[in-house]
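Computation of the quantities below employed the complete heavy-atom set of this structure, encompassing side-chain atoms and omitting hydrogens, waters and symmetry-equivalent molecules. Note that the numbering runs from 1 along the sequence shown for the chain. What you see is a predicted model, and the numbers here were worked out from it, not measured in a lab.
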Amino acid sequence: MALILSNRFDFRQTYFLFAGIAGANPHHATIGSVAIARYAVQVALQYEIDPRSLPQDWPTGYISYGRDYPLQYPSVIYGTEVFEVNDNLRQAAFALASKSRLSDQNGPREYRSKYSGGGYRDAVATRAPSVVRCDIATSDVYYSGTKLAVAFENTTELWTNGSGIYCMSAQEENATLEVMVRAAIEGVVDFARIILLRSGSNFDRPPPGLSDWEHLRRTDQNGFLLSIENLYNAGIEIVRGIVSDWNCTYERGIEPKNYIGDIFGSLGGNPDFGFGSITAGKKVKSRGQDADLAFLEMERRERFGLRAVLK
């Protein structure tokens, strides 16, 4: 937020490439793979019941706000549950990143081989790193384990109305994208120029024969340095592509054909997830680039309430 509000820069035509390491879903990615996302879903923004006290037939202890049972769409939302970025730009970024030569290493290769059996026979886990298109689940808790991963996989699908595919776990994305929505309301940035990149440094669930705890704390998946290297390998191709084709394509921008923004519809249009725009498809009114941030937040809270309660 401090960077975006600095008067030393003009970000109105800037492309933002958000990149970081992640926990990979072995069904859709592997250690060292690079994912380019359309959605970022704040999956842990829910009620949580201690799993030791759950009814036997419950698949998870996570329950959407305002609901009584798991796997129901939330009826109370805060506004950061789901963000969607420009899918046309995502496809262009995927084409550029696919030109990269991703690295691989013996350590991650050895750990990936553990996923050759059990329920992972057709999974991506055992393959070499590649560039993939799938989505990000964010949580402040560093979670690991099959039951949690499956629960958040289901949350991602549910909250995006069936179109999101969870393949990377992360922590920062939804907070960062909330900053970008607020900046876009003020005309400081173009939300259509955001690219989300994540690379698997580890798996979000164990291979056959290992417990969740052993997978998290007693094994070395050796993926951190590889994921950092491949973030660069893929990311630099995106940067080169934007710079080299700036005059013909990227200066004017790539027009999104899908909805972009948050679950409220703050940037205008109607979200293809959630309950639709709560501002009748209109963009939230700007107070101008020089407006005091605290006043903007106060107005936003007055407009939407601390929570939007939707029936």
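Note on Glu172 versus Arg198: salt bridge recorded, some NZ/NE/NH1/NH2 to OD/OE distance being below 4.0 Å. By the 4.0 Å N-to-carboxylate-O rule, Glu186 lies too far from Lys285 to be salt-bridged with it. The existence of a salt bridge linking Asp104 and Arg109 is confirmed by a sub-4.0 Å separation between a basic side-chain nitrogen and an acidic carboxylate oxygen.
At a cut-off of 3.5 Å, with distance as the only test, no side-chain donor of Ser100 or Glu237 sits close to an acceptor on the other residue. With 3.5 Å as the limit, one finds a donor-acceptor pair spanning the side chains of Asp204 and Tyr166.
The ring of Tyr143 has its center closer than 6.0 angstrom to the ring center of Phe152. Taking the six-membered ring for Trp and the full ring otherwise, the centers of Tyr15 and Tyr250 sit less than 6.0 Å from each other. Side-chain rings of Tyr120 and His27 approach one another, their centers coming within less than 6.0 Å.
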- Query: Would Thr160 and Val41 satisfy side chain to side chain contact (heavy atoms under 4.5 Å, CB included), going step by step from the backbone distance to the final call?
  - Reply: CA-CA 8 Å; Thr160 59; Val41 183; 3.9 Å; yes
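Between Phe94 and Val131 the shortest heavy-atom distance is CE1-O, 3.3 Å. Nearest heavy atom pair, residue Val34 against residue Asn230, reads CG2-O, 3.5 Å.
When atom types are taken as modelled, the side chain of Asp262 and the backbone of Gly265 share a donor-acceptor pair closer than 3.5 angstrom. Proximity of a side-chain donor or acceptor of Thr30 to a complementary backbone N or O of Ser33 within less than 3.5 Å is not detected.
Inter-residue side-chain proximity for Gln46 and Thr155 is flagged as met; some heavy-atom pair is nearer than 4.5 Å.
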